[in-house]
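Computed from a prediction, not measured in an experiment: that's the story for all the values here.
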Amino acid sequence: FGFAHCVTERWAWSKIAMPAWRSPAMLPWGRRIGAFAALSVAGAAAYQCTTDTWLGPAASSPSKGIALDDSTLRWCASQIPQSWPNAEEKMTSIRIFKAWDKTWEADGRETQWNGLVNYAVSTGAKVFVGTQITCDEASDDQSWEWSKELMRKLHPEHVMGLAIGNELELLQFKGSDMVPEACLTELWERGYVWRKFQQYVQEFDEMGFGAVPITSVFTGLGLAGQPFYELPGKARVSSLLANATGKYGARFAFTWNFYPYFDPNLRLDSGTSSDCEGALRRASCWGVDCAVPGGLRFARAKMQALTGVSDSILWVGETGWSNPLSGSLETELKNCPEWSSERTFKQFYKGFLDWDMSIGGNAKPPDHVFWFTMRDSVNFGVDEHFGLITRCDEPKCKIKSSTFEPYTYEPHVPPGKYVCGGNANMLFNDFVWGGKETCQNKCEMDSRCKFYSIWPLSHDNMYW
């Protein structure tokens, strides 16, 4: 059996059809049916989600990448697509927000890091690595140590940049139980952010990464000020950016997260309680006067006001759309079904793929932009659905027809008693969470798999 706990006189499911569409670099066309003896033991094909919906090609693909959600990094770093979902173009960069988390299983770290490093090396991709800044210096330093360990494995040729802190100007809104006033004072008024920034950059350079860009990532709120957001005791974005560009010059990359999906200035159509055509026209498009390109043009002007130059490095750390409704959406647009619909998600993602990076006004386009995110994720305990794939061990892309299935299956009964545990052709022989669907998904993701079976009894939803 391909993926199975092989038992005597039981039946299994046989894979009998190929997907309707898959990146041609991944699997050949044709019928996949065969006996166990014919099962290949050659290397498995690289992961690529399957779909019957084509949105490509991807314009300016070398300047576009994807952010890795925490679920992917924690559980399935070996399942990173080599090409853009729903398009053929190769993905050349990924962003990680942190190398590991203290709440995650320590014994899984090396395995997941190896999956990430193998992906970068085999594809030539670069990784935009992040490390946290919080109210807990010991925790920050541990996060930094993990980032350094991972970057040593990647080497400078596979590290695109280093982000020290992410959306720090939003900490003031997390609530006093999570971020007390004393913490904000320490971060901004007593210089903790700038002190740790300099410390981490110095250690980064001592590791041999002195030519790699450095940054701290902010949201659109960071643009609200002269030239940037500056509110004593809350967040001092202007001060940090002035210090960083003054000390590190052109090496410093300005990085902004743009989410028209969350824009609090967008409203429901006048006189309606659930329509949002006007907001969608402004937010879900990619022309030079649409939300993201327009925001980037505004950012360029602000950056020039600070530095006096028009060509500073400009990255978009995150942009994306949610389908279905994100639990973190708090604006009145949560009442508009079309705002978080599959159709709008598809339209926004296709626009992202088609976008040639132009932002109008004779302004230099951004140097790089990241889609958020690879898979649906949880943000501070709230479900969000920005992923192009729903979850780990999912063979299908999120954007597909309602009837699409990568393969079809038929019951298969082996002749008499047959035990294959320990056979060299076995691909997987262990517990899976979630039962038949997960086991079938594992089979669908491996081109070598021809059969799977599963024991019908579970232990805390773990099946063999």
Donor-acceptor contact below 3.5 Å, side chain [X] vs main chain [Y]:
X    : Y    : value
N243 : W194 : no
R95  : A67  : no
E230 : S238 : yes
N323 : S340 : yes

(request) For residues W315 and F370, establish whether the separation of their ring centroids is below 6.0 Å. (result)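 Not under 6.0 Å, so no.
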
Taking atom types as modelled, find out whether [X] and [Y] have a side-chain donor-acceptor pair closer than 3.5 angstrom.
X    : Y    : value
S83  : Q48  : yes
N166 : Q132 : no
T134 : D140 : yes
E206 : Q202 : yes

Face-on cation placement of [X] at [Y] ring, 6.0 Å and 45° thresholds:
X    : Y    : answer
K442 : F428 : yes
R375 : Y47  : yes
K396 : F404 : no

How long is the span from the [atom1] atom in [X] to the [atom2] atom in [Y], to the nearest 0.5 Å?
X    : Y    : atom1 : atom2 : answer
D205 : Y248 : CG    : OH    : 7.5 Å
E394 : D376 : CD    : CG    : 10.5 Å
Y119 : Q82  : OH    : CD    : 6.0 Å

[X] versus [Y], closest heavy-atom pair with distance:
X    : Y    : answer
E318 : F97  : OE2-CE2, 3.2 Å
G327 : V382 : C-CG1, 3.2 Å
D367 : K364 : OD1-NZ, 2.6 Å

(message) Closer than 4.0 angstrom, basic N to acidic O: yes or no for E437 and R391?
(response)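 Judged by the 4.0 Å cut-off on N to carboxylate O distance, E437 and R391 do form a salt bridge.
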
(request) Using the test ring pair (Phe, Tyr, Trp, His ring centres under 6.0 Å), find all partners of W256 that sit at least two apart in sequence or belong to another chain. (result)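 Ring pair (Phe, Tyr, Trp, His ring centres under 6.0 Å) list for W256, sorted by chain: F228.
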
(request) Kindly state each residue pair satisfying side-chain hydrogen bond (donor to acceptor under 3.5 Å, both in side chains) with at least one member in residues 275-286, sequence neighbours excluded. (result)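 Qualifying pairs, neighbours excluded: S284-Q347.
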
(request) Test F262 against every option in F372, W321, F386 by the ring pair (Phe, Tyr, Trp, His ring centres under 6.0 Å) rule and name the one that passes. (result)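 Result: among F372, W321, F386, F386 is the only option passing the ring pair (Phe, Tyr, Trp, His ring centres under 6.0 Å) with F262.
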
(message) Show me the pairs that pass disulfide (SG to SG under 2.5 Å) and involve residues 68-103, at least two apart or across chains.
(response)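 Every disulfide (SG to SG under 2.5 Å) pair that includes a residue of residues 68-103, provided the two are not neighbours, is C76-C392.
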
Tell me whether the count of non-hydrogen atoms from other residues, nucleotides or ligands lying under 6.0 Å of [atom1] in [X] goes above 12.
X    : atom1 : answer
E330 : CD    : no
D356 : CG    : yes
R343 : CZ    : no

(request) For the residue pair R251 and V201, establish whether any side-chain heavy-atom pair is separated by less than 4.5 Å. (result)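 Counting from C-beta outward, R251 and V201 do come under 4.5 Å.
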
